[in-house]
Amino acid sequence: MHNNLDINVHHITRVEGHGNIVVNVKEGKIEKLQWQVPEAPRFFEAMVRGHSYQDIQTIVSRICGICSITHSLAATKAVEAALGIKVSEQADKLRILMHYSEQLQSHTLHVGYLAAPDFFGTPSVVPLVARAADAVKTIVKAHRIANNWSDLIAGRTTHPVTLIPGGLTRTPTEKQLRQLQQTLKDAVPDLKKIAEVVLSVAANIPKFERPTEYVSLKQTTPPTYTFYHGGVTSNDNKGAVLPIEKWHDVANEYMVEQSTAKWAKWHRDAYAVGALARFNNNAELLSPMAKDAAKMFGLQKDCCNPYMNTVAQLVECFHIVETSIDLIDQLLVRGLKTEKVTSSPKAGKGAGCVEAPRGILFHEYEFDKNGKCVAADICIPTNQNHANIQKDFEKLLPEILDQSEKDIRLKLEMLVRAYDPCISCSTHFLDVQFVR
Amino acid sequence: MCERCAVEKDIYLPRLATLEKKRLMNPTEMYLRLSIDDNEPFDFIPGQFVEVSIAGVGEAPITISSSPTQKGYFELVIRRTGNVTNAVHRMRIGDKIGIRGPLGKGTYPVEEAKGKNVVFICGGIGLVPQRSFINYVLDNRADYKELAVLLGTKCLSQRFFHSELDVWSHRNDIRFMETIDQTDDCWLGNVGVVTTLIPKIEKELESALVFICGPPVMYKFVLMALQEAEVPKERIFLNLERKMKCGVGKCGHCQINNYYACIDGPVFRYSDLRIAPEAI
Amino acid sequence: MRTVTIDKNAFRRFVDEIIKRQRVIGVCAKGDRFDFEQLESADQLRLDYDVTLQPPKKYFLPPVETLLTFEVGDGYKSVYDDTPFVLLGVHPYDMVALNQLDTLFTQDNYDTHYMKRRHNATIVACDVVSPSKNVFASSMGTATVKDGFDVLLTDIGNAFVMESGSKKGDRFIAKAQGAVDSSEKDLQARQKIQAENEKRLNNHKLKCEASYLPKLLERAYDHPVWEEKAKTCFSCGSCNLVCPTCYCFNVQDDVNWDFISGKRQRAWDGCLLDGFTKVAGEHEFRKKRADRFRHRLYRKCKYVPEKISSQIMSCVGCGRCVGACLPDIANPVKVYNRLVDDLGIK
Amino acid sequence: MDRPRVAIFDFACCEGCQLQIVNLEEELLDLIDNVEVVEWREAMSEQSREYDIAIIEGSITRPEDEKRLEIIRTRAKTLIALGACATIGGINKLKNNFEMSDVKKCVYGKSADMPHLETMPTKAVDEVVKVDYKIHGCPIDRKEFTYVIRCLLMGKKPEIPEWPVCVECKSKGNPCLWDYGQVCLGPIIRAGCGARCPSSGFRCFGCRGYIDDPNVNGAKDVIERYGLSVDALKAKMVLFGIGQGPTNA
Ligand SMILES: Cc1cc2nc3c(=O)[nH]c(=O)nc-3n(C[C@H](O)[C@H](O)[C@H](O)COP(=O)(O)OP(=O)(O)OC[C@H]3O[C@@H](n4cnc5c(N)ncnc54)[C@H](O)[C@@H]3O)c2cc1C
Ligand code: SF4
Ligand code: SF4
Ligand code: SF4
């Protein structure tokens, strides 16, 4: 047991954006334990004001480079809700396909490049190249497939340019989709290989549990393991699903004394979002291969070990690939049509919600009659997780206080990284103090 | 495949040359002596240039500065101005340098000038390309009548070819005159721009062929002075520098109205440039 | 050399046959426009097109092309693209443009990179069915073409007349199942179409004979039209890039990560672009937009025709630059007509 | 060749440009073979104070960032601005359309006056320190990034296009989006992206910044011809271009 401990992880590495961990233990008593976010605020909700409904997704895509497609989709959905714009079935399916590409991009990036070094005990993926060259190559390959996939449907890997209110600027050709489908089919063995490698080091995933409220999207018609459609649910909500317009009832933002960022709560004093939340709320709807993968790791519904979020992401990779292969079939059967998209400005207010790789994301906009934005509200998944990270810290630290400082530090960092935080997209912050 | 394609050489393909000697002549100008590696001929006429090719960096057109009377090697003088020229300056003795050429069909009128007075007016680095013909005339001195060389240099630190210039100024079969734009304490010679020297060579200018090479601004003033001295345009030759990407008349960058500096030049007869207002 | 008639269904089967054996590039629909693309089936072919987005020159002078590779210290190696291909559906004005490029790339110095591609191609030209909005080939004398092609197709309703223009064309035609020697009637039908095209591809009418343009330009160097038009010129180079006879290029090196091997590439360039003539020391020989604007129109109808001693101008009247220029100043006819108005024909 | 030490730093941005470096996939290994990455927070735990090349991502929006950037400048021999946020201020500059107090109130309401929310009008990196090279784009183009790095390692000045996006757009054979009613900034924006957006059917919104000498007369003329208002064009130009010359013309 440490009597005195001073851990100050300034700008935690291998996460997107800046976050600090401050631990202060004096004579066996935890004096200070904080998860802080000192990221420079960027004021997106203020910046979009005055801009045309057609430019919103171009602007807010820049909230986050890793989930730019997700932000664009949420914003576009919100704009369409506000202006009453309809989207064709083909465009809807293509958007879901686009969204999947980013989920795979982000998940392989997180599992392979950011979290894996922890499991292998290396400071970054670079030394891993020497240790597990084959595994790294496979990860790189999967990541590249996901990137090319985004390029094809979204026009770019990062910051999509094919999304416009009402549909898409461009339809891929049948040939391109068929090629993509083949690539995805060929990628399955690679995914299995990655899963095996992760399984081989799964013993390094800390055993830690804390009963948690998990919030995610849920789609009942038809029942789908959803990232894109549906309403909001949680394991505390007894299966009820809230329409997304009611998202303010879910993400109740609040402040507490020791807090560094705005926290969110629904039924309890914190909740978690992300792959594990989606899994806990929808696991029975996963694709067969994804179910097998979950079984491999013994991941079951109601898992409340936050470190298992990384595993849930891996499971989702299987689901994404398998479902996309099917989705492409559906598109090809219908035959692809070039669609002309038009839209016109009108006053209105609307919300859009999708699952970012790291959890549920809400966008809401209001427009005047010229289609100029007058107000915006964005609530990103990482902000919804901040409070939960803090709560996890508070339960975890006393349990591991007898370990070496190095191990404590690593476990805390790993915990933060397991949430795959994307702090750069955080749009709201409160009271950050720097402990130096 | 077409027969011609089978025999024609790739005009973009450099051959290799070895750097035999190099010497920094002033802060920016490097003297280089090169010899071609292969046994194919490398015959040139004064005024022709080569494309110097540095793998990975690019190419730069550089006029051959030595006279064709010197066999077995050729000399270049290269001013450091950008990527290629900087890379050349970093080359070491023995290194391989890519060479395309000799290029340019507009050369010095070696034959036409025979039996006539020849006058060279050079501004700064403009001496470098003219030097090839100057030395050619010196090596075939009996073929030509009066020889005058005027050289204007911006400041003393940029002066180069000191010993060669020294020899010229002491030979009596060449009238060599020099001036420096800006006054300098230890300079005892002429001060002022090169045009101030032109009235001093009235005799040599008579029935002479006049050759001009220097920075873009110089041409206008020298031509005005020559007009004053009543030298007809048919007897004036300009060595013009333009941006070049291929050196073989395709890329279009060096075009001066209807002319391509690389194949129609780089040496032009002034009277031919009447319809080329972009030349000066 | 033979002239045959082949009915359209037989022609389609013929094209499908060739596709099985060779790379075939033909005109396809691209949204509501047309462009050359590699064919997968004859059904994609649209010989009734108006004008392609890009001129066919890209198959001989690609937008980016590797000229050579190198190993530092070990010399350079030429890189050639040696795959034979069929280019299907080249309009007469574009064929004339290619004929000019052939001269330009062989004159003075022989460009093996361009010419090897050229010799690997079988060019099937075709007479225009639907004139484009901006075409003025009739004014430029390029509405029909007499040589350069391997095969010339003319749509005479339910069949094509195919004329061979070379030995390669003879071999091509010989493989066409169902082609019969053209009847007098078919030839007359073709003659009529060509005669009509010589007049009707003229949506901008030049007020003088095209062959007079070099003379006209001789007197127009300091005319105010250059400044006037160029005031709104973006120097975007669009007019250069879409032109079938523009062939200027830039050359650039890049190395691989070993810093030993690498390649030298050439890429399309444009004389309208800022920096086209910039040399070390920031000196730029055509710094003013008006100078660059004028240069293109002089190149088209004075410099290049004079350089290759051609009676046909180097603007072949495809009209692509007219549509490509946002401020709508690039139309050569408008400029030349203005000069005719102001300077008269002498 | 000595491997120069490279450090990558991020300021206010979405980190999408760093992501493009990760997205180099196998080529990332080539990069790492040739440079020694001594600090790169997004991808590794190591940190360092000694480096030859500093790569700066993001724009400068707080006084404390200005100080941090100045320190980085004194340590680095070469400083590269990576991506639109760093080269031209990027999307973050939209904030400069408003009063800072208004911006803070809009997002944080009652808490707007808390000290850590201090913010200043967004600056591009070269508005604070000297920048040696700019890698444009939002996000950057991976090919261009590796090209510039290779040039630096060879001691060669990279050739970054001075010409506008239309050149690449036309080279690709795209029909012009203006013909389809889109306000595309292609003719005044620096090329180098391969005309990615117009090739996907989406107007160029100017993430690579203006070319050196954009023709404002031309822009005005075109607006009139297409029956648009100057405001419509300005609104588009302002997305990535605020603070640059022609925006205020
Ligand atoms: C016919 C001719 C003869 C020349 N002879 C000499 C000589 O003997 N000694 C000498 O020092 N210089 C000479 N120059 C100038 C020399 O070619 C340029 O200084 C050199 O090309 C600059 O290239 P860089 O890569 O170092 O510079 P950068 O600025 O990096 O070059 C960029 C590109 O621009 C082109 N370019 C830039 N400046 C010029 C220029 N002035 N002329 C032509 N192309 C240019 C180059 O082809 C290069 O590809 C001559 C130029 C010409 C046209
Ligand atoms: S297309 Fe028009 S605007 Fe663009 S460079 Fe040509 S003339 Fe100028
Ligand atoms: S100048 Fe214009 S009309 Fe003439 S050939 Fe070129 S693109 Fe066609
Ligand atoms: S779409 Fe944009 S980039 Fe392309 S040519 Fe038109 S204006 Fe230029």
Side-chain angles (χ1 to χ4, degrees), chain B residues 1-16 37 53-60 79-85 95-96 98 100 103 105 215-217 240-264 275 277-279, chain C residues 67-68 70-78 80 82 104-116 118-120 218 221-222 246-255 259-262 264 266 269 271 275-281 283-286 291 295 298-299 302-304 306-307:
Chain B
M1 179 182 323
C2 131
E3 287 154 30
R4 191 137 177 227
C5 284
V7 292
E8 288 282 351
K9 291 221 172 87
D10 181 356
I11 49 177
Y12 304 106
L13 192 70
R15 45 213 282 218
L16 290 186
D37 286 6
S53 182
I54 305 294
V57 183
E59 296 190 312
R79 169 177 292 184
R80 199 164 46 137
T81 58
N83 278 336
V84 176
T85 46
D95 278 356
K96 301 291 175 198
R100 283 196 296 131
L103 303 168
K105 298 198 179 103
V217 285
L240 296 180
E241 186 185 293
R242 286 297 184 276
K243 175 155 171 170
M244 285 178 191
K245 279 295 178 183
C246 74
V248 289
K250 309 293 179 207
C251 79
H253 287 269
C254 72
Q255 212 177 350
I256 307 168
N257 297 105
N258 50 330
Y259 295 113
Y260 277 71
C262 62
I263 47 173
D264 302 318
I275 47 163
E278 286 173 349
Chain C
L67 292 174
L68 44 88
F70 51 77
E71 299 260 336
V72 172
D74 199 33
Y76 303 79
K77 247 209 232 76
S78 306
Y80 292 112
D82 267 340
L104 288 159
F105 278 103
T106 46
Q107 197 179 46
D108 298 314
N109 290 297
Y110 188 92
D111 190 307
T112 43
H113 297 267
Y114 174 93
M115 287 310 289
K116 283 206 179 174
R118 193 63 187 77
H119 288 297
N120 277 322
E218 221 159 87
Y221 201 76
D222 296 315
C246 272
Y247 62 98
C248 292
F249 55 83
N250 192 5
V251 181
Q252 214 179 319
D253 279 22
D254 198 3
V255 288
F259 291 92
I260 291 171
S261 61
R264 181 163 294 162
R266 70 172 160 197
D269 208 335
C271 60
F276 187 77
T277 56
K278 190 149 86 192
V279 296
H283 192 83
E284 196 168 341
F285 291 94
R286 277 189 292 278
D291 293 347
H295 185 71
Y298 266 71
R299 252 185 90 100
K302 180 169 168 60
Y303 303 156
V304 178
E306 282 175 358
K307 183 174 165 65

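Just so it is clear, the values below take in all heavy atoms, side chains as well, and ignore hydrogens, waters and symmetry mates. Bear in mind that the values here come from a model prediction, so they are computed numbers and not experimental data. Chain identifiers are assigned alphabetically (A, B, ...) following the order of the sequence lines, protein sequences preceding nucleic acid strands; residue numbering begins at 1 within each chain.
Remark: B:Lys250 is not positioned above the aromatic ring of C:Tyr114, lacking an NZ or CZ atom under 6.0 angstrom from the ring centre and at most 45 degrees off the axis.
Residues B:Pro14 and C:Leu68 come closest through the heavy atom pair CD-CD2, 3.9 Å. Across all their heavy atoms, B:Gly56 and C:Asp253 have their closest contact at N-OD2, 3.0 Å. Across all their heavy atoms, B:His253 and C:Thr277 have their closest contact at O-CG2, 4.0 Å. Closest non-hydrogen pair, B:Lys243 versus C:Gly275, comes out as NZ-O, 3.5 Å.
Put simply, CD1 on B:Ile263 and CD on C:Gln107 are 7.0 Å apart, with the number rounded to the nearest 0.5 Å. We find the OH-CD distance between C:Tyr298 and B:Glu278 to be 10.0 Å, quoted to the nearest 0.5 Å. Separating the CG atom in B:Leu16 from the CZ atom in C:Phe70 is a distance of 12.5 Å, to the nearest 0.5 Å.
Your options are B:Ile54, B:Asp37, B:Asn83, and the one with the most heavy-atom pairs under 4.5 Å with chain C is B:Ile54. Note on B:Pro216, B:Cys246, B:Ala60: by heavy-atom pairs under 4.5 Å with chain C, the leading option is B:Pro216. The candidate from B:Gly249, B:Pro277, B:Gly82 with the greatest count of non-hydrogen atom pairs under 4.5 Å with chain C is B:Pro277. Top candidate by heavy-atom pairs under 4.5 Å with chain B, chosen from C:Asn250, C:Val255, C:Asn109, C:Val304, is C:Asn109. With respect to chain B, the highest number of heavy-atom pairs below 4.5 Å among C:Gln252, C:Arg286, C:Glu218, C:His283 belongs to C:Arg286. Here C:Arg299 is the residue among C:Arg299, C:Glu71, C:Met115 with the most heavy-atom pairs under 4.5 Å with chain B. For chain B, the option among C:Asp111, C:Leu67, C:Thr106 with the highest count of heavy-atom pairs below 4.5 Å is C:Asp111.
Looking at C:Lys77, only its backbone comes within 4.5 Å of chain B, counting heavy atoms on both sides. Proximity to chain B (any heavy atom under 4.5 Å) is restricted, for C:Arg266, to the side chain, taken from C-beta onward. At a 4.5 Å heavy-atom cutoff, the contact between B:Arg4 and chain C is made by backbone and side-chain atoms alike. Contacts between B:Tyr259 and chain C at a heavy-atom distance below 4.5 Å are absent for every atom of the residue. Only the side chain of C:Phe285 comes within contact range of chain B, with at least one heavy atom under 4.5 Å from a heavy atom of that chain. In this structure, the portion of B:Lys105 lying under 4.5 Å from any heavy atom of chain C is its side chain and not its backbone. When heavy atoms are compared at a cutoff of 4.5 Å, B:Leu13 approaches chain C by way of both its backbone and its side chain. The part of B:Val57 that comes within reach of chain C is its backbone (N, CA, C, O), which places non-hydrogen atoms under 4.5 angstrom from that chain.
For the pair C:Asp269 and B:Lys245, the salt-bridge criterion is not met [side-chain N within less than 4.0 Å of a carboxylate O].
In this structure a side-chain-to-backbone donor-acceptor pair under 3.5 Å is missing from B:Asn258 to C:Tyr303. Formation of a donor-acceptor pair under 3.5 Å by the B:Asp10 side chain with backbone atoms of C:Ser78 is not found in this model.
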Could you go through B:Val248 and C:Asp108, starting from their C-alpha distance and side-chain angles, then the distance that decides it, and tell me whether this counts as side chain to side chain contact (heavy atoms under 4.5 Å, CB included)?
CA-CA 8 Å; B:Val248 289; C:Asp108 298 314; over 6 Å; no
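In this structure, a donor-acceptor pair under 3.5 Å is present between the side chains of C:Tyr221 and B:Asn257. A donor-acceptor contact under 3.5 angstrom links the side chains of B:Ser53 and C:Arg264, judged on distance only.
Aromatic ring orientation, C:Phe249 versus B:Tyr12: perpendicular (interplanar angle above 60°, classes split at 30° and 60°).
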